[in-house]
Number of protein chains: 2
Amino acid sequence: MGVVERKERERELRSESIIDAAERIFFDKGFEHATMNDVAEEAELSKGALYLYFHSKNELCMAILQRSLLILKGIFKSLKGNNNQTGIEKFPELASEFINFTKQYPNHYNALLSYREHRENCPVTGKIIKSTIEENRNINNIISEIIRAGQIDKTIKTDIDADKLSLALWGNFTGIMPSSILSEKVMPNFNPEDIIEYHFQLLINAIRT
Amino acid sequence: MGVVERKERERELRSESIIDAAERIFFDKGFEHATMNDVAEEAELSKGALYLYFHSKNELCMAILQRSLLILKGIFKSLKGNNNQTGIEKFPELASEFINFTKQYPNHYNALLSYREHRENCPVTGKIIKSTIEENRNINNIISEIIRAGQIDKTIKTDIDADKLSLALWGNFTGIMPSSILSEKVMPNFNPEDIIEYHFQLLINAIRT
DNA sequence: GTCACCAAGTGACCAATGGTCATATTTTGT
DNA sequence: ACAAAATATGACCATTGGTCACTTGGTGAC
């Protein structure tokens, strides 16, 4: 009797459909101005029901953020799987794929950047937090594997520390673009892509064999 | 009769003392859990009075953030003014000075990272926002001037784009460290400084003559 | 078929808080 | 001395994240 399994599946579906609704509401109104009542209405549920699936508004945001990480993981994974390019050729692709991501999923990108904001109001023990950290680890691993592949095919210097470089790149992704938002009219001639691409160019010179 | 001038000065002092109080409260309780009543009490004013000086809680946070930028500007300025080092020697100092800043002023560093969170809830036209953007521009200019000085003393390649590199570095500062918070146990062997320093090492190889 | 049980869902309700505004106090210029 | 202007007060309001006593409907035992 698969009742338990079916219920589990249904619970998962409900949970996903709540996140769907939350995305629509949060992306539309912005996190601060969106209310849990809005989300409840959009999800065709009562407010109380939301709290059967998520501990807080912040945790619901973390669930959206997790989706962003999953999207990114998919992107980098398929870059890694592409066997027509050498490691060093894939390197600038990391940048351009990320830029594509920010353009194709601006709201999810935005959610990604709001990590700090929501993270600190969520319990450390939560399942969502744990899997968010896990996804982040996965992404970093994929990036460093791409770098290591370049070392194996001898297009990237072997003395490069793939793990550290991978973290540095991730830092770029979550830093450079916001910095350009921060800078606003600081350097009106440049857009974020210019900066990211230029930075990667410099790094290529430092890591290629 | 300098009454107007005196009033202006007093207003400025009041404003600063409110920011002082807000720093104590926000840094202690965290932005989310601190209330404007707390701040008012700490500033020995009524809540209403706070709003004579700042339009909103978010704008008050931006005032704190502005102080962070001023601190950083001072740090980079004195690095720039040091005439005992060549440009390329100053380059890694940018990283270590920033790391020092994060350790010496963890709360202000934290405030800096919360830019996005508060910025989007402030009116674009506000005086505080404008001067925040201005300070950010100043910092970027100082960094690029340091790089250009290295090109003049011939320790940094002349074909390096100082403006772009400066923005990329700023992106690092606001990205790498948070990424390591994000990553949390992703790479437990490394701490943020390792990553920042490694990254700068790679860049040095790319830009030195 | 019936009935006790329990997970799922409801929505009125609460406490907390950002922000306002009529009123009060202090300072200024005359 | 006094009116006008600037500054400050704090009761008050609207909003909202979160709770909980209660309802609903499916489930499985008999």
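The sequence lines fix the lettering, A, B, ..., with proteins before strands; numbering per chain opens at 1.
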So, are E93(A) and K90(A) salt-bridged, with charged N and O less than 4.0 Å apart?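 Looking at E93(A) and K90(A), the cut-off is not met.
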Salt bridge flag under 4.0 Å for residues E10(B) and R6(B):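 So E10(B) pairs with R6(B) through a salt bridge.
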Between [N] atom [atom2] and [X] atom [atom1], what is the distance in whole Å?
X: L52(A); N: dC22(D); atom1: CG; atom2: P; result: 18 Å
X: L60(A); N: dT16(D); atom1: CG; atom2: P; result: 16 Å
X: I25(A); N: dG17(D); atom1: CD1; atom2: C1'; result: 16 Å

Just to confirm, is there a sub-4.0 Å distance from OP1 or OP2 of dA8(D) to any side-chain nitrogen or oxygen of Y53(B)?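 For Y53(B), the contact criterion (side-chain N or O under 4.0 Å from OP1 or OP2 of dA8(D)) is met.
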Hey, is the side chain of R11(A) poking within less than 4.0 Å of OP1 or OP2 on dA7(C), counting only N and O atoms?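 Negative; the distance criterion is not met.
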Dump the intermediate steps for side chain to side chain contact (heavy atoms under 4.5 Å, CB included) on Y109(A) and Q104(A), then the final yes or no. CA-CA 9 Å; Y109(A) 171 52; Q104(A) 198 178 347; over 6 Å; no
Contact letters for nucleotides 12-27 of chain C, in which S counts primed atoms plus P, OP1 and OP2 and B counts the base, heavy atoms under 4.0 Å: -----SBBB------S
With salt bridge (Lys or Arg N to Asp or Glu O under 4.0 Å) as the rule and sequence neighbours excluded, what pairs involving residues 38-60 of chain B come up?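 Output for this query lists R24(B)-E42(B), K29(B)-D38(B).
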Do we see a donor-acceptor contact under 3.5 Å between the side chains of N110(A) and R116(B)?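 Judged by distance alone, the side chains do pair up.
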Mind checking the CD1-CG spacing from I143(B) to L72(B)? Nearest 0.5 Å is all I need.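 Separation between the atoms: 8.5 Å.
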